[in-house]
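Every chain is numbered from 1, with letters handed out A, B, ... down the list of sequences. Below, all heavy atoms of this structure are taken into account, side chains as well, without hydrogens, waters or symmetry copies.
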Amino acid sequence: MTTPVIEVSGLSYTYPDGRRALDGIDLAVGAGERVALLGPNGAGKTTLALHINGILEAEAGSVRVADLLLGDETMAEIRRRVGLVFQDANDQLFMPTVAQDVAFGPANLGFNGAALEQRVQVALGAVEAEELADRAPHHLSGGERRRIAIATVLAMEPDVLVLDEPAAGFDPVGRAELIATLSKLDITQVVITHDLGLARSLCPRSVIMDGGRIVADGSTAVLLGDRGLLSRHRLEVPAPTRRSN
Amino acid sequence: MGAGHAHALYVHGHTAIHRLPPETKVASALAFIVAVAITPREAIWAFGLYAMMLITVARIARVDGRFVAARLVTILPFVLFAFLIPFIGGGERVEIMGVAVSRSGVWAMWNIVAKATLGATSSILLAASTEVPEILRGMQRLRVPTLITAVATFMIRYLELTAEEFTRMRTAMVARGYNPRWLGDNRPLASSAGTLFIRSYERGERVHAAMLARGFTGEMPDLSGERASRGQWLAAASIPGIALFIAALAWWTR
């Protein structure tokens, strides 16, 4: 593996209500890799993503991003380097217009004027959405909203893109378009999903989580070929039993 | 801008009024309303002039009279009360069309109706020629505290979403046989408002997380862009300028 961009070791987290969400996670993601993070509902995938960005604070274990150990001093820099694309794009797009929303991140980094404009243009260009710049986020279609949500994060020029269920609720064409957009981006990606087809077409490597632990890590083709593994972790309907008559 | 999906108060156009920077329009509308509010009610001619000014602005912005009239309906509930004042007011009585009414009550009614109509019309014209994000941007450039503009921004952004959520919850109730006929039947609807509050609160937390993820440090970045030129300020100031002159004249000749 190339030098890891993300290095998580021994990460554990318990929710305030006592539910154990992460239980000793070890994960390394190399530069340029595209990794699918698979697992049933409640496996801890989103919780893990929120840790990589420092939004949730680890109880035990550590998170390193590009050799920076996550802590109070490195938080701002790590948040710039890890671009988190949330499950519900409505949570991510809060400014009155698309252009202002894409500008929000880089403006927080101190960009302004022509440099800021440039960042917005490049980010919108990467998701082929330049023409949406002046639209209001609540007047976009679901697919457009998702693309803009990705652009808002790309505008911060992160090292890693972490996407939480990027294609949930999409029609087949929208899903295919999204896969095309993501596969064109030249950036390390961690894609949280339980859409196995999406994992297969986008990510050479997959990690399966269940019950707050990593239960499998390897080539997507190999993991998705193991029906026993998938059905044990609620990722695929078990093969139907043959009728006797 | 925003093709096809503009707000119900906005009239799409590319007129000189539409092109004026938002901060000049917000300031101008506010100053105009102040001028109207301080004009003595006896100066009926002044209110006539104000009305003519607004009609001129509407003409330039190509805003239809019926569009304005339809939106003026919103002030009716407030104004309706004013129509009672001549009947319940005390003091000297005058006869209008055979009905004895209070003289000061008639003046009070006229004062409320005229000023409310003119004030509301200027707000309608502002909203018709300026999109909501632009109005917020204008407020930001006018140095309205970012806390206020940010709250307004979020409210406008999530109001439609919350309304949609409420509609979906209502639909789900109706789909399971809920059929409110009397006021008392509204209990489930009222308790769903509580659910809506919790959901909105949780959304607030998620939005905040999304903001933190993009480097939010507690202060909204200034994305308001270029400032208005002196010429644009002068053009926008002409309207409240004339109005303030009329108001001063009305006091002078009283």
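Annotation: maximal heavy-atom pairing with chain A below 4.5 Å, among Glu164(B), His208(B), Arg206(B), occurs at Arg206(B). Heavy-atom pairs under 4.5 Å with chain B were tallied for Ile78(A), Val153(A), Asp91(A), Asn108(A); the largest tally goes to Asp91(A). Counting heavy-atom pairs under 4.5 Å between each of Arg79(A), Arg80(A), Gln100(A) and chain B puts Arg79(A) at the top. Residue with the most contacts toward chain B among Gly83(A), Ala76(A), Ala133(A), Pro96(A): Pro96(A) (heavy-atom pairs, distance under 4.5 Å).
Both the backbone and the side chain of Leu212(B) come within less than 4.5 Å of a heavy atom in chain A. Interface remark: Phe104(A) contributes backbone and side-chain atoms alike to the contact with chain B (heavy atom separation under 4.5 Å). Residue Asn112(A) does not touch chain B at all, counting heavy-atom pairs closer than 4.5 Å. For Met95(A), the parts lying near chain B are the backbone and the side chain together; criterion is any non-hydrogen pair under 4.5 Å. Both the backbone and the side chain of Ala103(A) come within contact range of chain B, judged by heavy atoms closer than 4.5 Å.
Applying the side chain to side chain donor-acceptor pair (under 3.5 Å) rule to Ser238(B) yields no partners; only residues at least two apart in sequence or on another chain are considered.
Within residues 42-63 of chain A, the residues having any heavy atom under 4.5 Å from a heavy atom of chain B are, by residue number, Asn53(A), Ile55(A).
Arg137(B) has a carboxylate O that lies under 4.0 Å from a charged side-chain N of Glu134(B), or vice versa, which qualifies the two as a salt bridge.
Not one N or O on the side chain of Lys25(B) forms a donor-acceptor pair closer than 3.5 Å with the backbone of Ala236(B).
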What pairs of donor and acceptor atoms, side-chain ones from residues 114-131 of chain A against any protein atom, are under 3.5 angstrom apart with sequence neighbours left out?
unit_1, atom_1, unit_2, atom_2, d
Arg119(A), NH1, Ala155(A), O, 2.9
Arg119(A), NH2, Glu157(A), OE1, 3.4
Glu128(A), OE2, Lys184(A), NZ, 3.1

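Enclosure of atom CZ in Arg62(B) is not indicated, since only 12 or fewer non-hydrogen atoms of other residues, nucleotides or ligands lie within 6.0 angstrom. Environment of CZ in Arg64(A): crowded, with over 12 heavy atoms of neighbouring residues, nucleotides or ligands closer than 6.0 Å.
At a cut-off of 3.5 Å, with distance as the only test, no side-chain donor of Glu77(A) or Thr74(A) sits close to an acceptor on the other residue.
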Would Arg145(A) and Asp101(A) satisfy salt bridge (Lys or Arg N to Asp or Glu O under 4.0 Å), going step by step from the backbone distance to the final call?
CA-CA 11 Å; Arg145(A) 253 201 293 269; Asp101(A) 216 306; over 6 Å; no
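A ring-ring contact (aromatic ring centres under 6.0 Å, His included) check over residues 53-80 of chain B, counting only residues at least two apart or in different chains, returns nothing.
Taking every heavy atom of both residues into account, Cys203(A) and Arg34(A) meet most closely at CB-O, 3.3 Å.
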